[in-house]
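Chain letters run A, B, ... following the sequence lines, proteins first, then strands; residues in each count from 1.
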Amino acid sequence: MSKAAQHTSDTDAILATANTLRWEIGDNIHDTLVESIYTDAQRIASRSVTEPDSKPKFSMDRQLDRLITSRWFGFPLMFLMLAVVFWLTVEGANVPSAMIASFLVDTVHPWLRAAFSSLGSPWWFTGLMVDGVWLAMAWVISVMLPPMAIFFPLFTLLEDFGYLPRVAFNMDSLFRRAGAHGKQSLSMVMGFGCNAAGVVATRIIDSPRERLIAIITNNFSLCNGRWPTQILIASIFFGALVPSHLAGLITAGAVVTVAMLGIFFTLAVSWGLSNTVLKGEASAFSLELPPYRPPQLWQTLYTSLIDRTAIVLWRAIIFAAPAGAVIWLVSNIHIGQLSLAEHFIAASDPFGILLGLNGVILLAYIIAIPANEIVIPTVLMLTVLSAKLAGVGDGAGVMFELDDASGVADVLRAGGWTMLTGLNLMLFSLLHNPCSTTIYTIYKETKSVKWTAVASVLPVIMGLVICFLVAQVYRLLA
Amino acid sequence: MTQTHAANCEDCPVHNLGNLKKLGINMAEFDFVVALAGNPNTGKSTVFNALTGLRQHTGNWPGKTVTRAEGGFDYGDKRFKLVDLPGTYSLLSTSTDEEVARDFILFGQPDVTVIVVDATRLERNLNLVLQVLEITDRAVLCLNLMDEAKRHGIVVDPRGLARDLGIPVVAAAARQEEGIPELLKYIYEVANGTYVCRPHRLERTAPQLERALTALTGRITAAFPDIPNARWIALRLLEGDQKIIDAVRSGELGSLIRRTPVRQNEQHLIAGTV
């Protein structure tokens, strides 16, 4: 008999024996096995472990858990915690953002311009590279870097401490009722920092169906790039309605309302998806609430800066550079008397007005797809360009920001903005396509053009429909 | 080196290299492969970082190791590849994570499996340890979070535990890098065969099952005399584990015979092929 044949007959014999024996021993073998594992584990542990004489002092953890996951305090505590994180992020980022902006925009930008022209670069090349590409990158870095460098480490500290699994525990029933996975609450919260990071964070969800739901709905978490837009517009159009000592409160209230609306849409769309195209039961998962542990401060700083901030920022810069070029080109290529941008704004304005927005906003959202951070500078530049305002801004294709909100308000009102425009811009900022960094990340995570398209187009359609409805109601009432 | 020709292709180390490659492990430039197993939340990733110096994100959150981490380290004159397995409570293959971990220990045949356990929850953690020891006979136990245990007044006796389990036990507090040098030393000794483990194997009580197991184990050891976990294979076959049945049928199992001086052979083989 050859060696191979011998081998086959051996394995066949083994399998045949196994089959016969399996019938003889009945089907409780699994239980027997588990039982013997537990028995041995218990016996070995009891021989080498000496428990303390007094009652174990886990009570501190237990007390904390009782509070954090309590029916009454759990949710308010969670919102309070998030509010504090956001407040620290927004407040803490102001100063460094202004510093980076003043360096990159006020110092480096003129210097680059001078350097380019002294090297004999033609005006259009200087404009394209310095006013377009450089400024877009400068805005993205100065608006995006400080909040991310604050938000991600804070978030990671909460994670290290052991708070996040409790958030998942609290939110689980809401998400389960929406047919989604409880851990989606975590990727959702991560999305408040950055949707691209939130999409990556959905990896903690095993079931492909529930993971897709989490990916598609992540965009409804208002990301860092959109918070400044929300805060600025809210303070101009809502904060200004009330006496100045209440303005801050009203502004904050309006922004938090939009963020809550985002959570509502997350749940509603999750429910919609799991009852239509992504049908299925919410999968059960066991979640161990780990003991609270003091966070490892330095390691947290290091990893969250390297893993999250740097990677996300790098991608954003890569995508912002070409966008800067496009912004400059559409404002500087003329057909007849008007630039491409002005043609588009004029053509799309009626449609924009119908939606309670305007042509400038539509164009800004199209060319600012790479990064939500450059929406406001683009809107300002385009408003000045199309409304032919004199004495503001730095010229066609040069994005700018104004130091105080009242300056911005003047520009916007001159551009024909009303309270409805402000309200709908806030809604549209929540409900529009993800930025191209996020779209690319969704594609990398799902490897599916179809689902990437769904995740990109669905929010825009929702945004257009909701803006349209709000505009009709507003006009009926006003 | 005088290797007799009796060794057929199944004992050949290249075979195992192929298996590792299939699991996505590139073993070029490494002498030994070390798997890192453990329950979620035992500080497995922290141990991983302490061993490799990598700064993998280590959150206090079960299941946060979302991509399999790999790293390397040198000890003595050898180079080790460290593979972080998903954190699991058991290896009974009820979830993808458990299957990934089990398949790696079974088919990847790591030279050493380091099992990280939480010293404050030893009994529950031992469930996984005992299951790992059914599959492999080359393991080191890292009794982690000893600092937390001390804080809670729990005393664990590493030597008694080592005696009962038949493998080296290292008391550690990986966050403070305590115990990491000893862990490295034991990994080295188990990998190169200086420390021979006598792993604890489960004692089963049901006599009927015992008879069936003995019979089947006998058949398996007759066919594959050098297989290190015949009894466990027998148990899986009796349970009707399709993956193991397939592995027996395809002969893949036969290729998993413990190769003791393998890595040295490998050096020759690699040198020979160039």
- Task: Could you have a look at B:Leu165, B:Leu216, B:Leu122 and say which one has the most heavy-atom pairs with chain A under 4.5 angstrom?
- Result: B:Leu216

- Measure the shortest side-chain to side-chain distance between B:Leu209 and A:Leu33 over non-hydrogen atoms and say whether it is less than 4.5 angstrom. no

- B:Asp118, part contacting chain A, at a heavy-atom distance under 4.5 Å: side chain

- Could you tell me whether a side-chain N or O of A:Arg22 sits under 3.5 Å from a main-chain N or O of B:Leu237, the two making a donor and an acceptor? yes

- Could you go step by step and tell me if A:Ile44 and B:Leu130 meet the side-chain contact (heavy atoms from CB on, under 4.5 Å) rule? CA-CA 10 Å; A:Ile44 295 175; B:Leu130 295 176; 4.0 Å; yes

- chain A shares the most heavy-atom pairs under 4.5 Å, among B:Arg211, B:His200, B:Gln131, B:Arg159, with B:His200

- Using the side-chain contact (heavy atoms from CB on, under 4.5 Å) rule, pick out the option among B:Ile220, B:Ile233, B:Ile245 that qualifies with A:Ile14. B:Ile220

- CG-OG distance between B:Leu143 and A:Ser48, expressed to the nearest 0.5 angstrom: 8.0 Å

- Message: How about CZ on A:Arg209, more than 12 heavy atoms from neighbouring residues, nucleotides or ligands closer than 6.0 Å, or not?
- Response: yes

- Message: Is B:Arg175 in contact with chain A via its backbone, its side chain, both, or neither, using a 4.5 Å heavy-atom distance?
- Response: both

- Message: Tell me whether the count of non-hydrogen atoms from other residues, nucleotides or ligands lying under 6.0 Å of OH in B:Tyr186 goes above 12.
- Response: no

- Measure A:Leu15 against the heavy atoms of chain B and call it side chain, backbone, both or neither at under 4.5 Å. side chain

- Could you tell me which non-hydrogen atom of B:Leu238 sits nearest to which non-hydrogen atom of A:Ala18, and how far apart they are? CD2-O, 3.9 Å

- Straight-line distance of A:Arg43 CZ to B:Leu126 CG, nearest 0.5 Å: 11.0 Å

